[in-house]
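Reviewing the structure listed below.
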Amino acid sequence: MEKEQPKYYENVYDVVRLIPSGKFTTYGSIADFLTLGSARMVGWALNQALHLGDVPAHRVVNRKGELSGRMHFSTPTLMQELLEAEGVQVVDHRIVDFDEHYWSPTSLLD
DNA sequence: ACCGTGACGTGTC
DNA sequence: TGACACGCCACGG
């Protein structure tokens with residue numbers, strides 16, 4: 001029987017799926033929104049999410065705007081390619097206009 | 001059960 | 001301002 005995944009995994013996937021195209025958020029924002037207490041859990045969850053295939057994990061970066069998880073994708077450049085394809089400019093593995101494309105999960109509370 | 005590692009973040013120097 | 005140390009929690013060996 002398959003091992004059932006923790007509840008917060010599904011919460012992370014749900015939040016990431018709600019990120020609009022052309023936008024992005026950070027691990028810390030998601031961790032704070034779900035009160036996980038540690039942003040590292042978001043990273044672990046997103047790593048598993050890549051395996052699922054229906055979660056836009058490329059829209060989640062660290063608080064510096066760096067594509068820290070690019071090496072976990074099929075190719076190291078895939079994450080940047082996906083973001084640029086959605087209109088998010090990326091230079092040297094970093095998002096140029098951070099506040100311009102930043103999306104906070106607190107937007108769901110409106 | 002212990003230890004090291006990891007897609008992070010904040011505080012301090 | 002950048003570099004470093006520490007805290008954080010889950011997972012694999």
Identify each atom pair where a protein N or O and an N or O of nucleotides 10-13 of chain B are less than 3.5 Å apart, giving names and distance.
none

Sub-4.5 Å side-chain heavy-atom contact between A:V12 and A:V55
no
Collect all protein-nucleotide pairs involving nucleotides 2-8 of chain C in which both atoms are nitrogen or oxygen and the distance is under 3.5 Å.
unit_1, atom_1, unit_2, atom_2, d
C:dG7, O6, A:R40, NH2, 3.4
C:dC8, O2, A:R40, NE, 3.3

Joint cluster assignment, A:F24 & A:L108, ILVMFWY side-chain distance < 4.5 Å:
no
Nearest listed nucleotide, side chain of A:H72, among B:dG9, B:dA7, C:dA10
B:dA7
Among the candidates C:dC11, B:dA7, B:dG9, find the nucleotide nearest to the side-chain atoms of A:N62.
B:dG9
Atom pair distance, as rounded to whole Å: CZ in A:F73 and C1' in B:dA7:
8 Å
When rounded to whole Å, the NE2 to C1' distance for the pair A:H51 and B:dA7 reads 17 Å
Compare all side-chain heavy atoms of A:L109 with those of A:F33 and state whether any distance is below 4.5 angstrom.
yes
Would a hydrophobic clustering, with Ile, Leu, Val, Met, Phe, Trp and Tyr connected at side-chain separations under 4.5 Å, put A:L34 with A:W103?
yes
In this structure, how many angstroms lie between the C1' atom of C:dA10 and the CG atom of A:L46, rounded?
15 Å
Within the 4.0 Å heavy-atom criterion, would you say A:A57 contacts the bases, only the backbone, or no part of the nucleic acid?
base
Sugar-phosphate only, base, or nothing, as touched by A:L50 at under 4.0 Å among non-hydrogen atoms:
base
Non-neighbouring partners of A:T75 that pass side chain to side chain contact (heavy atoms under 4.5 Å, CB included), sequence neighbours left out
A:T77, A:L78
Among the nucleotides C:dA10, B:dG9, B:dA7, which one has an atom lying closest to any side-chain atom of A:W44?
C:dA10
Roughly how far, to the nearest 0.5 Å, is the CD atom of A:E86 from the CZ atom of A:R59?
4.0 Å
Going by heavy atoms in the side chains, are A:E66 and A:H93 under 4.5 Å from each other?
no
Student check: side-chain heavy atoms of A:V61 and A:M79 closer than 4.5 Å
yes
Nearest-Å distance, CE (A:M71) to P (B:dG6)?
10 Å
What's the CG-P distance between A:L52 and B:dA7, to the nearest Å?
17 Å
Return the value, rounded to whole Å, for the distance between atom NZ of A:K64 and atom C1' of B:dA7.
12 Å
Using a 4.5 Å cut-off on heavy atoms from C-beta on, say whether the side chain of A:I95 contacts that of A:L67.
yes
d(CG, A:L67; C1', B:dA7) in whole Å
10 Å
